[in-house]
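What follows is one structure encoded as structure tokens, with my remarks underneath.
First the proteins, then the strands, lettered A, B, ... as listed; each starts at 1.
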Amino acid sequence: MADKILLIDGHSILNRAFYGLPPLTNGKGFHTNAIYGFITILLKTIEEEKPSYLTVAFDRSEPTFRHKMYKEYKGTRKPMPEELREQVPVMKEVLQAMGITVVEQAGLEADDIIGTLARRCSSADKEVVVLSGDKDLLQLATDTVKIKIPKTSKGQTTIEEYYAKDVKDKYQVTPSEFIDVKALMGDSSDNIPGLPGVGEKTATKIIATYQSIENAYAHRAEVKPPRASKMLDERYDLAVLSKELATINVTADFPFELEGAKLNNIFTEEAYVYFQDLQFKNLLPKFTVAPIVNDIAKKFRVITDEKEIQTALANLKNDCFGVAYQKDIGFAISDQGEAFAVPLNNPMTEMLLLPYFVQALSKPGKFCAFDVKKLLKFHGVPRDKSWFDVSLAAYLLNPLKNDYTFQDVAQEHLDLVIDEQDPELLLCYEAYTVSNAKEILRKKLKETQMDELYDTVEMPLVFTLEDMEEAGIKVDAITLKEYGDKLALGIEQLQAEIYAETGEEFNINSPKQMGEILFDKLGLPHGKKTKTGYSTAAGVLEKLAPEYPVVSKILEYRQLAKLKSTYADGLANYIGSDGRIHGTFNQTITATGRISSTEPNLQNIPIRMELGRLIRKVFIPEPGYTFVDADYSQIELRILAHYSGDEQLISAYKEAEDIHRLTAAKVFHVPFEEVTELQRRNAKAVNFGIVYGISAHGLSEDLSITRKEAQEYIENYFQTYPGIKKFLDGQVEKAKADGYVTTLFHRRRPVPELKSSNFNLRSFGERVAMNAPIQGTAADIMKIAMIQVNEAIKSAGLKSRLLLQVHDELLIEAYESEVEQVKEILHQHMERAVTLEVPLVIDIGIGHNWYEAK
DNA sequence: AATCTCACG
DNA sequence: ACGTACGTGAGATTA
């Protein structure tokens with residue numbers, strides 16, 4: 001069989017991959033989706049075709065002859081999005097690292113290179129396969145030149161294959177006639193003018209009949225329809241030019257050595273480095289050559305003998321240890337570049353193993369770990385020593401990641417790729433990574449001015465959160481059950497009524513079924529559509545409720561169903577044997593620096609609606625204790641007032657004036673005393689909107705007013721408080737210039753969206769830049785307050801305990817005789833956590849359950 | 001696994 | 001001409 005050569009149209013495949021895949025980035029924020037898609041399709045095609053030679057052709061960035069021609073007609077092309085542009089040079093480097101020849105030539109487009117190579121190779125008796133995303137290349141098809149075009153439909157990629165006869169079958173014309181068809185119909189994306197009024201159908205018919213533009217012109221009088229006949233006669237010049245533009249040059253002059261394109265092993269060491277950097281983890285196993293000699297693992301040991309464990313522990317040097325513990329696996333300790341693991345196995349049970357772990361942690365010295373809070377849960381692990389939590393440092397340096405793993409830290413900060421399957425060695429790697437990453441992370445924290453934030457806020461907070469998780473909150477299981485039963489009754493009742501009124505039994509929890517019943521069957525006017533069907537969101541249904549009583553019942557059903565599934569039933573599952581719920585507070589989740597709460601989420605317990613709010617009655621203190629609840633009054637607006645330096649706002653807060661009323665008076669130009677309820681409510685919404693990064697659309701949606709009115713509110717607001725406008729604009733400017741914004745305590749929030757070519761994403765980035773410093777500073781202040789409140793309670797030897805944080809609120813289970821002292825501590829440390837231009841104020845509530853206390 | 005909906009600050 | 005308020009987590013349905 002003749003040798004086969006595969007020719008790839010680089011830009012068109014890269015383009016397809018870019019638009020066909022969701023945005024992917026490596027840890028450094030570099031986009032990788034186009035390269036990934038290209039490599040995937042490249043591997044698939046090599047697998048299918050098994051070519052002996054391979055070449056990828058790219059356009060050069062300089063304008064080519066044909067580009068110059070279009071410019072006279074259509075101006076410039078749409079620019080390539082930045083997210084794709086940055087991938088092009090790297091794509092070429094990756095191909096070169098894989099030993100694949102890349103051809104690009106000034107003055108030639110990739111099409112011309114491929115056309116010429118296809119012609120030369122098939123003359124040299126080679127089989128030729130062309131891979132392109134562009135069907136223009138079909139003009140190159142012959143009996144021995146095959147064109148492959150990937151097509152994506154319904155998420156499935158299939159590759160269509162065309163020899164000359166397949167082109168004829170599908171398009172009714174031969175490959176060379178295909179040029180004339182395209183020339184007649186034109187192609188706006190390629191800036192080929194074509195003949196006005198001639199589309200695909202007409203063009204195909206003309207060429208199928210006359211074989212070429214020239215022959216059609218010779219018979220122009222007979223050409224049908226008359227419109228085309230006329231155009232051919234009058235604008236033949238346009239047709240000729242179009243044909244020139246549409247024709248791929250197959251006789252271009254450029255050097256090419258076939259032997260240089262020989263396809264060898266593409267999984268080279270050089271390529272491995274690129275794949276690591278791009279984080280194509282699933283492709284790494286394809287590399288069979290041991291790419292990088294990894295001698296770190298040589299320093300790892302697995303110890304099972306108890307005597308040896310003793311010896312290893314005794315031999316630890318006292319400086320800085322890395323420690324790791326994995327449930328059901330064991331623990332590992334790293335010391336000065338070495339590491340050993342003590343696995344859990346028969347006969348080493350957890351009971352026997354834990355004391356060794358605690359013994360190791362009780363040695364003098366400093367300790368690094370990936371999740372210190374988790375380690376503190378083990379009985380006997382000392383807290384009063386120097387801990388360094390690597391996950392927190394990694395989070396501060398980039399708070400946008402979905403999860404934090406020590407493998408990612410090793411790759412990003414130590415340039416070490418860990419591809420280890422053995423669980424015990426993996427544990428050694430973790431211990432090794434955390435001990436070795438400490439210094440570099442400290443250095444980076446210092447460089448970003450976040451070392452103080454780390455040392456005085458994030459790291460100490462670990463202990464506060466662990467105290468809170470250990471304390472848990474008592475829940476009255478019996479009352480919770482009764483509450484659930486009551487909801488179940490209501491749900492049953494409403495369900496029956498909804499079925500009766502719609503005349504059908506369906507799953508009310510299914511938005512799909514509900515949409516069909518409401519909008520198709522009953523013909524109610526539908527509002528927004530989602531990508532899968534009608535929207536049945538509360539906002540849409542509320543607009544219909546006054547006119548259609550059944551919709552109100554659906555809304556009520558939804559409310560009850562939510563309360564039952566998420567809260568009544570949901571919370572019951574988390575009540576422990578001590579009658580308390582011990583949730584988890586997460587410190588490395590949010591982009592802004594807030595903490596989050598999971599398993600269960602205790603930060604979204606209902607309060608806004610009375611029926612939901614009742615559930616707070618099941619959260620109760622121990623006998624002899626009382627709840628003391630403290631929340632910051634308008635902390636975000638106060639931070640905004642501080643940042644803006646606006647004298648009116650600052651003095652209003654100093655005088656404890658009603659800020660929403662003041663805003664209403666200014667924005668609506670009425671005397672302070674004459675502000676109506678509605679005006680105050682609207683002004684409050686504007687104040688909220690400002691904190692979120694105001695947009696006229698968002699505000700109009702929230703207030704059910706027109707965009708124009710919302711725009712006027714906003715303009716009046718900025719006129720009233722010019723300092724706020726200046727501050728918000730400044731944040732957006734800073735984010736554009738630096739790529740991030742910061743809080744009062746130097747916490748960073750990167751804003752990569754501002755670089756996007758997508759308008760919506762960019763607008764989102766602007767709102768983020770305005771909101772993050774405010775929300776983040778509030779989070780910082782609350783964290784500082786929590787640490788201080790918790791410490792003050794403990795150092796005063798009180799029995800009272802901090803239980804929950806809900807962003808601007810702290811809940812304390814206070815021993816009854818300590819209530820006054822606790823209130824004093826809360827005032828002291830929450831209101832004085834930081835000194836701003838405006839006072840910080842808290843409101844305190846007291847009660848025998850959370851409902852009463854708030 | 002993705003989508004929709006809805007609970008909170 | 002476009003389309004969203006900022007930040008979260010959980011349950012139910014559907015693909």
Base, sugar-phosphate or nothing for A/Ile607? Non-hydrogen atoms, less than 4.0 Å.
sugar-phosphate
Donor-acceptor pair between A/Gln775 and A/Thr592 side chains, under 3.5 angstrom:
yes
Indicate, with a heavy-atom threshold strictly under 4.0 Å, whether A/Thr566 touches base, sugar-phosphate, or nothing.
sugar-phosphate
Among B/dT5, B/dG9, B/dC4, find the nucleotide with the atom closest to the side chain of A/Gln775.
B/dG9
How many Å lie between NZ on A/Lys529 and P on B/dT3, as a whole number?
18 Å
For atom P, what is the distance between B/dC6 and C/dA5, given to the nearest Å?
14 Å
Going by an N to O cut-off under 4.0 Å, is there a salt bridge joining A/Arg558 and A/Glu542?
no
Does A/Thr530 reach a base, just sugar-phosphate, or nothing at all? Heavy atoms under 4.0 Å.
sugar-phosphate
Would you say the base of C/dA12 and the side-chain of A/Asn509 have a donor-acceptor pair closer than 3.5 Å?
no
With respect to the phosphate group of C/dT4, does any side-chain polar atom (N or O) of A/Arg767 fall under 4.0 Å of OP1 or OP2?
no
So if I take every side-chain heavy atom of A/Asn604 and compare against C/dA10, B/dC8, C/dG7, which nucleotide ends up nearest?
B/dC8
Is A/Ser535 near enough to B/dC4 that one of its side-chain N or O atoms lies under 4.0 angstrom from OP1 or OP2?
no
Across the strands shown, which category fits A/Phe688 at heavy-atom distances under 4.0 angstrom: base, sugar-phosphate, nothing?
nothing
Evaluate the side-chain proximity of A/Arg749 to A/Thr742: yes if any heavy-atom separation is below 4.5 Å, no if none is.
no
Between A/Met830 and A/Tyr632, is there a side-chain heavy-atom distance shorter than 4.5 Å?
yes
Indicate, with yes or no, if the rings of A/Tyr713 and A/Tyr717 have centres closer together than 6.0 Å.
no
For the atom pair CG (A/Asp569) and NZ (A/Lys564), what is the distance rounded to the nearest 0.5 Å?
3.5 Å
With a 4.0 Å cutoff (strictly under), does any side-chain N or O of A/Thr532 reach OP1 or OP2 of B/dC4?
yes
Could you tell me how far apart A/Leu571 (CG) and C/dG9 (C1') are, to the nearest whole angstrom?
12 Å
Is A/His807 stacked against the base of B/dC8, taking the criterion as centroid distance under 5.5 angstrom and interplanar angle under 30°?
no
Mind checking if A/Asp569 touches a base, just sugar-phosphate, or nothing, with heavy atoms under 4.0 Å?
nothing
Should A/Trp850 and A/Leu804 count as side-chain neighbours, where that means a heavy-atom distance under 4.5 Å?
yes
Nearest-Å distance for atom pair CD1/P, residues A/Ile605 and B/dC6:
18 Å
Both atom distances under 3.5 Å, Watson-Crick or G-U wobble: I'd like the secondary structure of DNA chain C as a dot-bracket string, with | for pairs made across strands.
.....|||||||||.
Rounded distance in Å - CG (A/Leu728) to P (C/dC6):
14 Å
Within 45 degrees of the ring normal and closer than 6.0 Å to the centroid, is that where the cationic atom of A/Lys725 sits relative to A/Phe718?
yes
Could you check whether A/Asn760 gets within reach of a base, just the sugar-phosphate, or nothing at all, counting any heavy atom under 4.0 Å?
base
Heavy-atom distance under 4.5 Å between the side chains of A/Asp729 and A/Met770, does that happen here?
no
Hey, does A/His660 have a side-chain heavy atom less than 4.5 Å from the side chain of A/Gln634?
yes
Rounded P spacing from C/dT4 to B/dC4 in Å
12 Å
Would one find a side-chain N or O of A/Ser510 under 4.0 angstrom from OP1 or OP2 of C/dT14?
yes
So if I take residues 701-717 of chain A and measure heavy-atom distances to DNA chain C, which residues fall below 4.0 Å?
A/Asp702, A/Arg707
Would you say a side-chain N or O of A/Asn771 is under 4.0 Å from OP1 or OP2 of C/dG7?
no
By the 4.0 Å heavy-atom rule, please label A/Val691 as base, sugar-phosphate, or nothing.
nothing
Under 4.0 Å, counting only non-hydrogen atoms across every strand here, what does A/Glu599 touch: a base, just sugar-phosphate, or nothing?
sugar-phosphate
With a 4.0 Å cut-off on heavy atoms, is A/Ala778 in touch with a base, just the backbone sugar-phosphate, or nothing at all?
nothing
Under the side chain to side chain donor-acceptor pair (under 3.5 Å) rule, collect the residues that match up with A/Asn760, sequence neighbours excluded.
none
Look at A/Gln559 and B/dA7 and indicate whether a side-chain polar atom (N or O) is within less than 4.0 Å of OP1 or OP2.
no
Counting the atoms with a prime plus P, OP1 and OP2 as sugar-phosphate, which does A/Ala591 contact under 4.0 Å by heavy atoms, base, sugar-phosphate, or nothing?
sugar-phosphate
Select base, sugar-phosphate, or nothing to describe what A/Gly693 touches, counting heavy atoms under 4.0 Å on all strands.
nothing
Mind checking A/Leu699 for me? I need base, sugar-phosphate or nothing, with any heavy atom below 4.0 Å counting as a touch.
base
Any A/Ser596 side-chain nitrogen or oxygen under 4.0 Å from OP1 or OP2 of C/dG9
yes
At less than 4.0 Å, is any side-chain N or O atom of A/Arg608 found next to OP1 or OP2 of B/dA7? Yes or no.
no
Measure centre to centre between the rings of A/Tyr567 and A/Tyr483, then say whether the value is under 6.0 Å.
no
Between C1' on C/dC6 and CD on A/Glu636, what's the gap in Å once rounded to a whole number?
8 Å
